[in-house]
Amino acid sequence: MLTLPFIRANQETTIAGLQKKHFANAAEIVAKLIAQDDQRKALLQQAESALEKSNAAAKEIGALMQSGQKELAEGKRAETAALKASIKEMEEAAKAAEKELTDLLVTLPNLPHSSVPQGKTADDNEVVLTWGSVPELPADAQPHWDLIKKYDIIDFDLGNKITGAGFPVYKGKGARLQRALINFFLDEAIKAGYYEIQPPILINEDSGFGTGQLPDKEGQMYVTKEEGLFLIPTAEVPITNLYRDVIVNEKELPIKNVGHTPCFRREAGSWGAHVRGLNRLHQFDKIEIVQIHKPENSYAALEEMSLHVQGLLQKLGLHYRVLRLCGGDMGFASALTYDMEAWSGAQNRWLEVSSVSNFETFQANRLKLRTKVDGKSILCHTLNGSALALPRIVASILENNQGPDGIKIPEVLVPYTGFTHIN
RNA sequence: AGAGGGGUGUCCGAGUGGUUUAAGGAGCACGCUUGGAAAGCGUGUGUAGGUCUCAAGCUUACCGAGGGUUCGAAUCCCUUCCCCUCUACCA
C-alpha cells in the first residue's frame, strides 16, 4: 500500500508510476484520493474538537461530584448529554471517510522502480543475461510428461483419483528427487546466511492482507470452510507476516529467512496449451527466501538474492536467463522483479522457475513493519524470491539430462538423492 | 470439546466507574558522582492520527480485538481471538 504523505508530495511521480503499470485512470484516482484525504481530515478535526469539549465537561462533572456539588453536576450532565448524539455522528462520518479512503488506496499497485522497462506483456520484458547453452539432446528426446510415465516417477492419474487435476503423486525416485532438491536448496540458503523457518501453511485474513493477496486475490487461494483460513500460495505470506506489527531493532537488520512449504494455487482460469505436466500445478513445493532491510540497502539485497538463485541454477547445470519484468507484467506489490527462466529442452521453451522482487515499503506499510532510525520510526523494505520452486526445475532436469542410460542426476544432487540416474 | 482462571507500556506488575494525566519496580538512554567502573542520585523513556513552515506546544485514539452502556470505561455488558489449569480426546 502506498502512503498518503508520499502520494501528496509526489503526485506526478505517482501518476507516472501507476501508468507504467498500466493502472487505468491514474490521474483521476490520485486527485480523488487527495480530495478524500482532505475530507477525512476535516471530518476528523470536527469530531476531535467535539470530543475535546465533551472530555472537558466529563472531567468537570467528575470534580463537581467529588466536591459534593451534586446539583451543578446534574445540570452539566444534562447539558453534555445533548453533545453525545452529534459526536457519534461526527465520529461515524470520519470513520466512513477513512474507510472509503483506504478502500481506494489498497487498490493501487506499487510504483515501479525507475529501471523497470516500459511495456505491457511478457514480450516487453528485458533479458538481463543468459547463462549456459541449449543442451544437445537425442533425436527422440521426450517432454517430461512422457518421461515421468516412462520411468514411473510422477503419477498424475493417481493424483486425479485421490484429489483432482494438478495434484500429482511423486513415487520412488521421483519422490526422492523432490526430497533431495528441497534439502539441497535449504542447505544452500543456510550457507548463504539465511535462517530457516517452518511456518504454518494455513494463514488468516490479516496475513493475506499484509503481503497483498487480500482483498483482491482471494479467488486464487483455497479456503477452509469452517475457519475461513487460506492455504498459502507461497511461503512469502507466513514468513513475511512473522514481522507484521513489529518495530525491528535496527541492529537486527537485515533479516534473512528461508522456508520450505508446499504452495497451493487455484489457478482459476489460467489453464491452456502451455500448462501440461509439471508446468502448472495446484500444489507444489517451493523454497522461499525473504529479506527485510533498511531502505538504503534493499536494492543491493535484491542483486544478492538474484545471484543466489542464479548460483543454484548454475550448480544444477541448467541453461537459464534472467529477465527484468516490464511494468505491465510485474506483480501488484512489486517495485522491481527479476524472473529466472530455465530452459526446457524437449518443450523448447523457457520455464519460469523463480521470481525475485523488491517490494520496498509497499508490504511494510500494510504490515506496519518498521524500524527506528535516529529515534524516528520508518517503514522497512521487504524482499522475497523463490530459491527455488520444484516442479519446473524437475521438468528441466528430466528433459535436459535425458540420455540412453536414463536421466542423469546433477552431480551436486547425488549426495542428496543417493543415486546417479533415473532409469 | 467441557469447566474454571487470565490477557495492562520494552519486561514484571498494581489498578472493580470520576486528578489514572496508568502506581511501583526492572530494563534502556542521558547527566551528576568516580582515577575508571559498579553502586548511588537526578532526568527522560510507547504507537498512530490531527494542528503547526519546522520544532516545541496543544489535541484525539490506543490496557488482546470489535461493539455496547454512561456526562465519564483498563474497570460494567455483549461478541470474538489467544494463553494457562483440570477433564475428555488424540499423532
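Letters A, B, ... mirror the listed sequences (proteins, then strands); counts begin at 1.
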What string of B, S and - do you get for nucleotides 45-51 of chain B, 5' to 3', if B is base contact, S is sugar-phosphate-only contact and - is no contact with any protein heavy atom under 4.0 Å? -SSSBSS

Measuring only the P atom in each nucleotide, how far is B/rC62 from B/rU75? A whole number of Å is fine. 10 Å

Both distances under 3.5 Å, Watson-Crick or G-U wobble: report the partner of B/rA37, or none. none

Quick one: what's the B/S/- string for nucleotides 63-84 of chain B, heavy-atom cutoff under 4.0 Å, read 5' to 3'? ----SS-BBS------------

Between A/Q291 and A/E304, does a side-chain hydrogen bond (donor to acceptor under 3.5 Å, both in side chains) hold up when you go through it step by step? CA-CA 11 Å; A/Q291 295 203 18; A/E304 177 211 301; 3.2 Å; yes

In the structure shown, which nucleotide is the Watson-Crick or G-U wobble counterpart of B/rA14, with both distances under 3.5 Å? none

Test A/S355 against every option in A/D339, A/T234, A/N384 by the side-chain hydrogen bond (donor to acceptor under 3.5 Å, both in side chains) rule and name the one that passes. A/D339

B/rA1 pairs with which nucleotide, Watson-Crick or G-U wobble, both distances below 3.5 Å? B/rU87

Separation of atom CG in A/D245 from atom C1' in B/rC62, rounded to whole Å: 13 Å

Cationic N near anionic O, under 4.0 Å, A/K191 to A/D187: no

Inter- and intrachain pairs under ring pair (Phe, Tyr, Trp, His ring centres under 6.0 Å), touching residues 154-183 of chain A, at least two apart: A/F167-A/H282

Euclidean distance for P, B/rU8 against B/rA74 (whole angstrom): 16 Å

Let's test this: given Watson-Crick or G-U wobble pairing with both distances under 3.5 Å, identify the partner of B/rG42. B/rC30

From CG of A/N249 across to P of B/rC28 the rounded distance in Å is 14 Å

B/rG9 pairs with, by Watson-Crick or G-U criteria that keep both distances under 3.5 Å: none

Before accepting this row, confirm whether a basic side-chain N of the pair A/R40/A/D37 lies closer than 4.0 Å to the acidic partner's carboxylate O. yes

Ring-face cation of A/K173 near A/F419 (centre distance under 6.0 Å, axis angle within 45°): yes

For the residue pair A/Q220 and A/Q213, confirm or rule out a side-chain donor-acceptor distance under 3.5 Å. no

Base paired to B/rA22 (Watson-Crick or G-U; both N/O distances under 3.5 angstrom): none

To the nearest angstrom, how far is A/E226 atom CD from B/rA1 atom C1'? 15 Å

Partner nucleotide of B/rC54 by Watson-Crick or wobble geometry (both distances under 3.5 Å): none

Classify the ring geometry of A/Y222 against A/F264: parallel below 30°, tilted from 30° to 60°, perpendicular beyond 60°. perpendicular

What I want to find out is whether A/R8 reaches A/D38 closely enough, with some N-O distance under 4.0 Å, to be called a salt bridge. yes

What is the base-pairing partner of B/rA48, counting Watson-Crick and G-U wobble geometry with both distances under 3.5 Å? B/rU60

